[in-house]
Amino acid sequence: MSATVGHALAAAIGQGLDRLDAQLLLGHVLARPRAWLIAHDGDPLPAASAEAFARLCARRSAGEPLAYLVGEREFHGLTLQVTPAVLVPRPDTETLVDWALALLAGDLADRSAPAVVDLGTGSGAIALAVAHRHPAARVEAVDASAPALAVARANGQRLGLPVTWHHGSWFEPLAGRRVDLVLSNPPYIAGDDPHLDALRHEPAMALTPGGDGLDSLRWLAAHAPAHLAPGGWLLLEHGWDQADTVATLLHDAGFGEVQHRQDLAGHRRCTGGRWSG
Ligand SMILES: C[S@@+](CC[C@H](N)C(=O)[O-])C[C@H]1O[C@@H](n2cnc3c(N)ncnc32)[C@H](O)[C@@H]1O
């Protein structure tokens, strides 16, 4: 058992845990912000808290994402609850949201209540961020995983953001309908990618469609034209090295104005195109 807050943190860091992770985990156990931990370095740590902290540190060291251990992750200014049923939202995906918001304020600004759909919504991150930042949009979201959709729906309710949630595969719940903006961060890692092992705590169906990793992107590019209103846009997130392939998929499907957006590391992480109808 560690005697004080400071001792517990030092011990965890000494065992190889990242300093910020250790602070966030102990803050979670004590229900205190990081600033409190620093100010109360010498406070005694109750035995039950020390044991709970040690258990979380062991799980973090074994590779469980911090977001699952503390139950939440910030995305585009929103605090989202996350469980192992959903992919942990990544900062790179904010690039897709920023591009969507720019289109809603630009090319799509003439549509008073633009219809936006987020395919493969996971925690609801993209749909909720768009609904939050562009309240005039009518936002819908789809996921093939019922447990993931339950997390997304609960996030929507807790945040008071009006998104319509659908359980189904890609465009299936939109049968016979067209929207103004289709957004998706689909699974895109190749089935034999060695990085999948490090991501083993996240749902496999959120990470990879198997094979060369492109099946979901191929499906979305090929079927989006049947669900886009004239002048509507399809924006896709993809792997750092898939931009040229996705651009070809969009050209082949008949999209114009095909272009990319870069992630925080400068990789072309999103590719989109306009459907002229
Ligand atoms: C990479 S995750 C993205 C989650 C979330 N949009 C985000 O950016 O954090 C891909 C999501 O697609 C969902 N998915 C996989 N196959 C699907 C399908 N055929 N139809 C709908 N959703 C699917 C997974 O369940 C998962 O939630």
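Both counts, for ligands and for their atoms, begin at 1 and track the order of listing.
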- Task: Please determine, by modelled atom types, if E72 and T79 share a side-chain donor-acceptor pair under 3.5 angstrom.
- Result: no
- Taking the side chain as every heavy atom from C-beta outward, state whether Y68 and H201 have any pair of such atoms under 4.5 Å apart. yes
- Message: Can you confirm whether the side chains of H251 and T248 place a donor and an acceptor under 3.5 Å from each other?
- Response: no
- Message: As a test of reading the model: which residues have a non-hydrogen atom less than 4.0 Å away from ligand 1?
- Response: L87, P89, T93, G120, T121, G122, I126, D143, A144, S145, G168, S169, W170, N185, P186, P187, M205, A206
- Flag for Q262-H267: side-chain donor and acceptor within less than 3.5 Å: no
- Item | Those residues that, when tested against L249, pass side-chain contact (heavy atoms from CB on, under 4.5 Å) (two or more places apart) | L217, R218, A221
- Under 3.5 Å donor-acceptor, D43 side chain and V5 backbone: no
